[in-house]
Structure formats: structure tokens, C-alpha cells
Amino acid sequence: MSVLRSIVRGVGSYLPAHIMTNADLTKKVATTDDWIVQRTGIRERRIAATGEMTSDLGLAAAKAALANAGMGADAIDLIVLATSTPDQTFPATAVTIQAELGITRGAAFDMQAVCSGFVFALATADQFLRSGDFRCALVIGAETFSRIIDWNDRGTCVLFGDGAGAVVLEAATQPGTREDRGVLITRLRSDGRHRAKLYVDGGPSSTGTVGHLRMEGREVFRHAVGMITDVIEDAFAATGYNAGDIDWFVPHQANRRIILGSAHKLGIADDKIVVTVDRHGNTSAASIPLALAEATSDGRIKPGNLVLLEAMGGGFTWGSALVRW
Ligand code: ACO
């Protein structure tokens, strides 16, 4: 029986021009390149220029994704932007991008699930497309985490970077078989009991300030692999796919050790993992679409490939998605 699915039509990304290396960080805090590389796999990250905002990054990624899809902005009737670093408390940064693209129909809104934001946004857009409420969506992950980092805290400032990525999703009828293209399943989880382990110590209704990122790194690390692999096993159980069926594993890029730990526990081979954390650092909601843009533009991910996405982050939130390209 035929079904409506959300098909990926295009992918795009944008990285700010300024590269901050680990050597640059040793001039700010007591750290070393060795420490950062061994614990995280990160060698450098991008930092947005003064005046360059999350909407600027997201807009550039959205334009690149539309160009990659061969579509105009007039095709889009839904924008879901995942970010924890919006331009303003309100309106949603998504409506700025909507206006900059010249779109005056449909809906645009932000979604906040920290590092899991892109998977949550993808799942949300997928629900709207499969329901028939909207036809063509831009799903964007865009972050300027450099603005909420405490640059005196060596435990966190070495981990994060700025960037944006976007995908164009279009509703299309598929045969309803195992070979269907599009988003095949998403699985989302959260558990607010862990909210104090990774948070920002400010906000409109608490301090009236933006605040800075605070993290119990070891605690996040301790939960990460188990939560990630659980929510992937859920997606496998619901679809009948297994690790051996996966062509590409595109994880949230938080830390090389978390990525490899999750892949090895699931039995996914190293040569199927897309890794960008060495050059991007942790760009939170932007990391998955940034990695997707890299692996599609260099020809690794091809039409027909089965792609596994996962993320885990503040909240805690975590989620997985299986997408046939
Ligand atoms: N350079 C040098 N030393 C450092 C640095 C640094 N940048 N940061 C911390 N240290 C020191 C600590 O002060 C501590 O010193 P001490 O033993 O004298 O007290 C020592 O290194 C060990 O500190 P830990 O925090 O225990 O180090 P750990 O091995 O846990 O590594 C890290 C820290 C990399 C943050 C790790 O816990 C981690 O990766 N956690 C996951 C966090 C993460 O990825 N968060 C991203 C957001 S959530 C997500 O996206 C999944």
C-alpha cells in the first residue's frame, strides 16, 4: 500500500570563515592540543564573526540546500529551525530566515532540544509532511554556541563551535516497501531529571540574562553511549533493520569517543561513520546537517543509501532517525 514519506531533496551547510585551533585555545585557558585531541578528537572549530548571527548562518545553509535540491524558496511551506542560540528571545529565528528567503506562506518556527535539536526538528517536519499539512520543508540546524560559552572555563570552551546545516524535505508517495526512500522512522526521548547536568545559567524568566553553558562533562559522558544506542535499537526494532543494513552512520558530533563507543557497541564499522568533530567541534543542532552536507557533497552518501542519524544532548534529550536517501 502506497504511503506518503518525507524525501530528502537537498542538503546544504555554512561554516563561519574564522578557524580557532587548539593552539589558539592554549592562549586563552590552561589546556593543550594533546588533552583536547585525546579526550574529544577536536582539532579546530569555526567561530562566527562579530555581527554574524544564527539567522545568517542558517540562511546561508538554507540557500545552499535549496540550490542543491534545484528548488526555489517558493517551494517551501514549512521551516523548522533547531537552535539553542536564537538571534533574539523572540521572534523565532526561523521567521527571520523565512522573511530573508522571501517566503510569505506556510509556517516557520524554532525548536529547542539542544544537541538533539536537528533530530527533533526532522521528526517534527516529517510528521507534518506525512500528515499532508505541509508539502515541502526546510529543516535547519544553526548555532552560535561561541556566544554562550564561558571562555574562562576550560572544561567547556574547548568543545564547541559555530555553524549551520539544512535539508530540504518534500512529501512524496512511496510504494510502502522496505526499499522506500525518505524518513523511515524517528525515535525521540527526553528525561528532565538530568537537566542540571548540562544547562545555561541564564534565561528570560530566571535571570533576565543570556547566561553561559555549564556542564558536568563526566556525567554527560557516562549516560551518552547507553542512551544513544538504546534509541537506535528502538528504531531497529520498529523497522526490522539492523546495524548490518546501515550504509552510513551520521551521529551528532559531540566527541569522538562517544561516537566510536556508540558505533562499536552497535557493531557499526568505522568506515561507515561520518566524522566531522575534528574540524567542527560540537556545533550542537548544526552538527548532523553539517556532516550530512559534507558526506553528500563528497559522494559518500548516495541515493538509495540507508543513513542512520542520532543525537543526545541537554535535557537530557536524545533521538534517532533512519532515512533512505
Ligand atoms: N585541558 C586540560 N585539562 C582539562 C581541560 C582542558 N580543556 N578540561 C578539564 N581538564 C582537567 C580537569 O580539570 C581535570 O583535572 P583534575 O583531575 O586535576 O581535576 C581533568 O582534566 C579531568 O577532567 P574531567 O572532566 O574528569 O575529564 P574527562 O576525561 O571527563 O573529559 C570531557 C572531559 C572531554 C568534557 C568529557 O567528560 C566528555 O567528553 N564529556 C561529554 C561531554 C560532551 O560531549 N558534551 C557535549 C554536549 S552534550 C552532547 O552533545 C552529547
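Indexing begins at 1, ligand by ligand and atom by atom, following the structure's order. These numbers come from a predicted model, not from an experiment.
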Is the shortest heavy-atom distance from the side chain of D234 to the side chain of I185 under 4.5 Å?
no
Looking only at protein heavy atoms, which one is nearest to [atom], and how far off is it?
atom	value
atom 39 (O) of ligand 1	N255 ND2, 2.5 Å
atom 27 (O) of ligand 1	R39 NH1, 3.2 Å
atom 24 (P) of ligand 1	R218 NH2, 3.7 Å
atom 40 (N) of ligand 1	G217 O, 2.9 Å
atom 36 (C) of ligand 1	R257 NH2, 4.0 Å
atom 11 (C) of ligand 1	R154 NH2, 3.6 Å
atom 45 (N) of ligand 1	M215 SD, 3.1 Å

Atom [atom1] in [X], atom [atom2] in [Y]: separation rounded to 0.5 Å?
X	Y	atom1	atom2	result
E310	T229	CD	OG1	9.0 Å
L306	Y241	CG	OH	5.5 Å
C157	I149	SG	CD1	7.5 Å
D180	R178	CG	CZ	11.0 Å
I36	L159	CD1	CG	8.5 Å

Right, does [atom] have protein non-hydrogen atoms nearer than 4.0 Å?
atom	result
atom 14 (C) of ligand 1	no
atom 1 (N) of ligand 1	yes
atom 32 (C) of ligand 1	no
atom 18 (O) of ligand 1	no
atom 29 (O) of ligand 1	yes

Answer yes or no: does atom NZ of K63 have more than 12 heavy-atom neighbours from other residues, nucleotides or ligands under 6.0 Å?
no
What atoms of ligand 1 come within less than 4.0 Å of a heavy atom belonging to [X]?
X	answer
G155	8 (N)
M312	49 (C), 50 (O), 51 (C)
T40	34 (C)
A254	44 (O), 49 (C), 50 (O), 51 (C)
V158	7 (N)
A30	1 (N), 2 (C)
H252	49 (C), 50 (O)
L198	47 (C), 48 (S)

Step by step, work out the side-chain hydrogen bond (donor to acceptor under 3.5 Å, both in side chains) result for D162 and T144.
CA-CA 5 Å; D162 300 336; T144 47; 5.4 Å; no
For F160 and ligand 1, does the shortest N/O to N/O distance drop below 3.5 Å?
no
Polar contact flag for N282 and ligand 1 (N/O pairs, less than 3.5 Å)
yes
Charged tip of R46 within 45° of Y14 ring normal and under 6.0 Å
no
Examine K28 relative to W151 and say whether NZ or CZ is less than 6.0 Å from the centre of the six-membered ring and inside a 45° cone about the ring axis.
yes
Specify whether F316 and H194 have parallel, tilted or perpendicular ring planes, treating 30° as the upper limit for parallel and 60° as the lower limit for perpendicular.
parallel
Shortest reach to atom 10 (N) of ligand 1 by a heavy atom, considering only F145, W35, W318:
W35
Going by heavy atoms, is I36 under 4.0 Å from ligand 1?
no
Distance-only side-chain donor-acceptor flag, E143 / T283, under 3.5 Å
no
Does a donor on one side chain and an acceptor on the other come within less than 3.5 Å for T21 and E44?
no
For I76, is there any backbone N or O sitting under 3.5 Å from a side-chain donor or acceptor partner on E170?
no
Residue from L81, T96, I140 passing side chain to side chain contact (heavy atoms under 4.5 Å, CB included) with S55:
T96
For ligand 1, indicate whether the residue T31 contacts it via side chain, backbone, both or neither (heavy-atom separation under 4.0 Å).
both
